Participant: 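Have a look at the structure that comes next, please.
Owing to the predicted nature of the structure, the values given are computational and were not obtained by experimental measurement. Just so you know, these numbers use all the heavy atoms, side chains as well, and skip hydrogens, waters and symmetry mates.
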Amino acid sequence: MTGATGAILGIHMLIALRTLNVETHLVISKWAEATCKHETDYSPSNIRRLADFAYRNNDMAASIASGSFRSDGMIIIPCSMKTLAAVSGGFGDDLISRTADVMLKERRKLVLVARETPLSTIHLRNMLSVTESGGIIFPPVPAFYTHPAQLLDIVDHLIGRVLDLFDLDTGNVKRWQGFVEAR
């Protein structure tokens, strides 16, 4: 989790993965901690307890910083433009960007739930660079065809769609069925 707005996305991702019995390794940046305190009722320690393993972002000796660590992939949710830039440039100066670099070099799945609007040319170039390197950019854009009644409906749908990329089904995704014409 990085410091972009949308901390609830990362929290609900951890909850969904726990429900699916998927082992999780969490890194929360300093600014993600601040954002969590501002946007949610969760403390950083409560969020860490949602994960199976939690690391400090400056712990470059953590197991997940190595290509020999086995994983199915990585989700950075939410992903700040600073982290996007670091991943795009291969600048692994913290555990989050280093682990993302490992995912790309090992050809594992890397999903960045990029939270920013509007986007500058630099943001778009960084997104293109990450995509060309094998990463997936997943802006958290709501699907209005689901007729969400509250914010958490949107959050759960987005989490489900991200996990679709890993062939994990939360059961919370309303699938598009096409237009149904009234007769």
Side-chain angles (χ1 to χ4, degrees), residues 1-87 91-103 108-117 135-140 142 148 150-166 168-172:
M1 292 177 65
T2 67
T5 188
I8 196 70
L9 296 170
I11 293 165
H12 278 252
M13 177 62 73
L14 286 166
I15 293 167
L17 289 168
R18 177 170 282 234
T19 301
L20 294 168
N21 294 315
V22 174
E23 182 178 283
T24 54
H25 295 256
L26 174 66
V27 183
I28 304 176
S29 74
K30 173 180 82 169
W31 291 112
E33 287 187 10
T35 303
C36 289
K37 289 176 187 174
H38 181 72
E39 292 183 352
T40 76
D41 293 330
Y42 288 84
S43 70
S45 61
N46 288 340
I47 297 167
R48 285 183 182 88
R49 282 195 284 276
L50 294 171
D52 296 300
F53 301 91
Y55 309 90
R56 290 190 344 236
N57 198 25
N58 64 354
D59 183 5
M60 297 300 280
S63 58
I64 61 174
S66 172
S68 67
F69 180 81
R70 304 280 312 248
S71 73
D72 293 327
M74 178 181 187
I75 302 166
I76 303 177
I77 181 169
C79 182
S80 67
M81 292 300 105
K82 176 184 175 187
T83 301
L84 169 67
V87 173
F91 187 65
D93 72 331
D94 63 24
L95 186 55
I96 293 171
S97 56
R98 167 59 189 167
T99 305
D101 188 53
V102 166
M103 293 301 118
R108 296 185 188 138
K109 196 159 288 197
L110 173 65
V111 179
L112 280 63
V113 180
R115 264 293 305 121
E116 188 62 74
T117 190
I136 298 170
I137 305 298
F138 191 110
Q150 57 185 347
L151 179 61
L152 289 181
D153 293 338
I154 294 170
V155 169
D156 288 342
H157 183 82
L158 290 168
I159 298 306
R161 292 289 290 126
V162 171
L163 291 177
D164 278 351
L165 297 170
F166 291 86
L168 296 169
D169 188 357
T170 62
N172 292 330

Participant: For the CZ atom on Phe69, are there more than 12 heavy atoms of other groups (residues, nucleotides or ligands in this structure) within a distance under 6.0 Å?
Facilitator: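 Counting neighbours around CZ of Phe69, more than 12 heavy atoms of other residues, nucleotides or ligands fall under 6.0 Å, so yes.
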Participant: Checking Thr2 against Val27 for the side-chain contact (heavy atoms from CB on, under 4.5 Å) test, could you report, in this order, the C-alpha distance in whole Å, the side-chain angles of both residues, the deciding distance, and whether it holds?
Facilitator: CA-CA 8 Å; Thr2 67; Val27 183; over 6 Å; no
Participant: Using modelled atom types and a 3.5 Å cut-off, is there a donor and acceptor pairing between side-chain atoms of Asp52 and backbone atoms of Thr24?
Facilitator: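 Yes; judged by distance alone, with no hydrogens or angles, the pair exists.
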Participant: Quick test of your reading: applying salt bridge (Lys or Arg N to Asp or Glu O under 4.0 Å), list the pairs with at least one residue in residues 29-39, sequence neighbours left out, ordered by first then second residue.
Facilitator: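 Applying salt bridge (Lys or Arg N to Asp or Glu O under 4.0 Å) to every pair that reaches into residues 29-39, excluding sequence neighbours, yields Glu33-Arg48.
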Participant: Locate the shortest heavy-atom distance separating Arg108 from Ser71; write the atom from each residue and the value.
Facilitator: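 Smallest heavy-atom distance, with atoms named: CD-O, 3.4 Å.
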Participant: Step through the shown structure and confirm whether more than 12 heavy atoms of other residues, nucleotides or ligands are within 6.0 Å of CG on Asp41.
Facilitator: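 No, because the 6.0 Å sphere around CG of Asp41 holds 12 heavy atoms or fewer from other groups.
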Participant: What residue among Leu158, Leu152, Asp156 forms side chain to side chain contact (heavy atoms under 4.5 Å, CB included) with Ile154?
Facilitator: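 For Ile154, the side chain to side chain contact (heavy atoms under 4.5 Å, CB included) test succeeds with only one of Leu158, Leu152, Asp156, which is Leu158.
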Participant: Give a yes or no on this: more than 12 heavy atoms of other residues, nucleotides or ligands lie within 6.0 Å of atom CG of Asp169.
Facilitator: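 Count over threshold, so yes.
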Participant: Could you give the distance from NZ (Lys82) to CD1 (Ile96), rounded to the nearest 0.5 Å?
Facilitator: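 Answer rounded to 0.5 Å: 9.5 Å.
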Participant: Measure from the side-chain N and O atoms of Thr83 to the backbone N and O of Cys79, and report whether any donor-acceptor pair falls under 3.5 Å.
Facilitator: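 Between the backbone of Cys79 and the side chain of Thr83 there is no qualifying donor-acceptor contact (under 3.5 Å).
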Participant: Looking at every heavy atom in both Leu95 and Ala62, which two are closest together, and how far apart are they?
Facilitator: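 Looking at all heavy atoms of both residues, the closest pair is CD2-CB, 3.8 Å.
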Participant: Could you give the distance from CG (Leu9) to CD1 (Ile159), rounded to the nearest 0.5 Å?
Facilitator: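 Here the rounded value is 5.5 Å.
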Participant: Just how far is it from atom CG of Leu50 to atom CZ of Arg18, taken to the nearest 0.5 Å?
Facilitator: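 Interatomic distance, Leu50 CG to Arg18 CZ, rounded to 0.5 Å: 6.0 Å.
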Participant: Output the distance between atom CD1 (Ile15) and atom OG1 (Thr170), rounded to the nearest 0.5 Å.
Facilitator: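 Spacing of CD1 (Ile15) from OG1 (Thr170) equals 12.5 Å.
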Participant: Any Lys/Arg nitrogen of Arg161 or Asp164 sitting under 4.0 Å from an Asp/Glu carboxylate oxygen of the other?
Facilitator: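 Between Asp164 and Arg161 there is a salt bridge, with a charged N closer than 4.0 Å to a carboxylate O.
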Participant: For a quick test of reading the model, state the closest non-hydrogen atom pair linking Val111 to Phe166 and the distance between them.
Facilitator: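 Closest approach of Val111 to Phe166, heavy atoms only: CG2-CE1, 3.8 Å.
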Participant: Do you know which two heavy atoms are closest between Ala4 and Thr35, and how far apart they sit?
Facilitator: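 What the structure gives for the nearest pair is O-CG2, 3.7 Å.
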Participant: Quick one: which of Arg49, Met1, Met13 gives a side chain to side chain contact (heavy atoms under 4.5 Å, CB included) with Leu26?
Facilitator: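 The residue from Arg49, Met1, Met13 that satisfies side chain to side chain contact (heavy atoms under 4.5 Å, CB included) with Leu26 turns out to be Met1.
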Participant: Check whether any side-chain N or O of Asp59 sits under 3.5 Å from a backbone N or O of Arg56 as a donor-acceptor pair, and report yes or no.
Facilitator: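 No; zero donor-acceptor contacts below 3.5 Å.
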Participant: Between Val102 and Ser66, does a side-chain contact (heavy atoms from CB on, under 4.5 Å) hold up when you go through it step by step?
Facilitator: CA-CA 7 Å; Val102 166; Ser66 172; over 6 Å; no
Participant: Looking at every non-hydrogen atom in both residues, tell me the closest pair between Thr5 and Pro78 and how far apart they are.
Facilitator: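 The answer is O-CB, 3.7 Å.
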Participant: Could you state the interatomic distance from CD1 (Ile75) to CG (Leu17), rounded to the nearest 0.5 Å?
Facilitator: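 It is 6.0 Å, given to the nearest 0.5 Å.
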Participant: Do Leu168 and Val22 have side chains that approach each other closer than 4.5 Å (heavy atoms only, starting at C-beta)?
Facilitator: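 They are in side-chain contact.
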Participant: Using the side chain to side chain contact (heavy atoms under 4.5 Å, CB included) rule, pick out the option among Ile64, Thr99, Ile28 that qualifies with Tyr55.
Facilitator: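 Of Ile64, Thr99, Ile28, side chain to side chain contact (heavy atoms under 4.5 Å, CB included) with Tyr55 is met by Ile64 alone.
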Participant: Let's go through His157 and Asp153 carefully: what are the C-alpha distance in whole Å and the side-chain angles of both, what is the deciding distance for side-chain contact (heavy atoms from CB on, under 4.5 Å) to 0.1 Å, and is it a yes or a no?
Facilitator: CA-CA 6 Å; His157 183 82; Asp153 293 338; over 6 Å; no
Participant: Side chains of Asn58 and Asp94: closer than 4.5 Å at any heavy-atom pair?
Facilitator: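 Result no, sub-4.5 Å side-chain heavy-atom pair not found.
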Participant: Check the pair Asp101, Arg98 against salt bridge (Lys or Arg N to Asp or Glu O under 4.0 Å), reporting the backbone distance first and the verdict last.
Facilitator: CA-CA 5 Å; Asp101 188 53; Arg98 167 59 189 167; 3.6 Å; yes
Participant: Between Ser97 and Phe91, is there a donor-acceptor pair closer than 3.5 Å when you use the side chain of the first and the backbone of the second?
Facilitator: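 Judged by distance alone, yes, a pair lies under 3.5 Å.
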Participant: To the nearest 0.5 Å, tell me how far Asp72 CG sits from Leu165 CG.
Facilitator: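 Output value for this atom pair is 13.0 Å.
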Participant: On a heavy-atom basis, which atom in Leu112 and which in Leu110 lie closest, and how many Å separate them?
Facilitator: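 For Leu112 and Leu110, the tightest heavy-atom pair comes out as CD1-CG, 3.3 Å.
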